[in-house]
Amino acid sequence: MLTAGVVAVQGDVTEHAEAIRRAGAEHDRETEIVEIRTSGLVPDCDVLLMPGGESTTISRHLHGEGIAPEIRDHVAAGKPVLATCAGLIVASADARDDRVEPLGLLDVTVDRNAFGRQKDSFEARLPVDGLDDPFPAVFIRAPAIADAGAAEVLAEWDGRPVAVRQGPVVGTAFHPELTPDTRVHRVAFFDD
Ligand SMILES: NC(=O)CC[C@H](N)C(=O)O
């Protein structure tokens with residue numbers, strides 16, 4: 001049994017729950033979902049998912065409820081996290097925006113809404129390190145990584161990093177939970 005915590009402050013929580021269930025099934029793991037809104041739940045989770053949404057609201061809630069230090073402890077213990085879009089912003093070290101209190105899980109600086117208004121949402125066939133074929137990446141008011149710091153860049157779009165890994169944490173500017181393709185989940189959770 002894999003216990004997967006989904007940060008459920010707001011954003012596409014249901015889609016993340018479905019995606020990790022599907023990815024688990026493909027790797028012969030039954031998945032139990034725990035929705036994280038309060039402290040005390042993260043310590044029981046094997047893996048964590050940090051969905052998109054509004055990074056200002058999510059980061060404020062995580063700090064206010066005492067969940068932020070639990071997520072830091074989870075990462076310090078070497079347990080995996082997949083952070084997508086606003087989740088990536090919250091997981092970063094610096095969001096270049098005073099309204100966001102990032103957790104510093106990834107040593108990266110991000111720019112919110114980096115892909116411009118006319119391209120608020122788009123889908124790209126994105127080459128990702130370690131995947132044989134491009135990934136169908138859905139970008140929704142997506143951030144870009146301005147400085148990857150010590151993180152390993154797994155993918156770039158328009159010359160800017162949009163997927164990174166550092167230790168047990170994978171961050172993507174796009175939404176792998178919105179496609180049936182589970183390969184990013186594999187990279188984050190099931191590759192040994
Ligand atoms: N789809 C998303 O998660 C968008 C992120 C949002 N633009 C933010 O900056 O918080």
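All values derive from a computational prediction rather than experimental measurement. All ligand and atom numbering here is 1-based and tracks the order in the structure.
- The residue from Glu54, Arg112, His175, Met50 that puts a heavy atom closest to atom 9 (O) of ligand 1 is Arg112.
- Exactly one residue among Pro102, Pro161, Ser92 makes a side chain to side chain contact (heavy atoms under 4.5 Å, CB included) with Val110. That residue is Ser92.
- Annotation: Ile140 places an N or O atom under 3.5 Å from an N or O atom of ligand 1; distance criterion only.
- If you look at Thr84 next to ligand 1, there are no close heavy atoms at all, none under 4.0 Å.
- With ligand atoms numbered from 1 in the order given, ligand 1 contributes 8 (C), 9 (O), 10 (O) to contacts under 4.0 Å with heavy atoms of Ile89.
- Remark: the Ser55 side chain and the Arg112 side chain contain an N/O donor-acceptor pair separated by less than 3.5 Å.
- Taking only nitrogen or oxygen atoms, main chain and side chain alike, Cys85 does not reach within less than 3.5 Å of ligand 1.
- With hydrogens and angles ignored, the 3.5 Å screen pairs no side-chain donor or acceptor of Asp111 with any backbone N or O of Ala144.
- The aromatic rings of Phe174 and Phe135 lie tilted to each other, with the angle between the two planes from 30° to 60°.
- Here the side chain of Thr3 pairs no donor or acceptor atom with the backbone of Cys45 at under 3.5 angstrom.
- By heavy-atom distance, the residue among Gly53, Gly52, Pro143, Ser55 lying nearest atom 6 (C) of ligand 1 is Gly53.
- Looking from atom 7 (N) of ligand 1 to the surrounding protein, the closest heavy atom is Asn113 OD1, 2.7 Å.
- In the model, Thr182 has no side-chain atom that pairs as donor or acceptor with a side-chain atom of His27 under 3.5 Å.
- An N or O contact shorter than 3.5 Å is missing between Thr56 and ligand 1 by distance.
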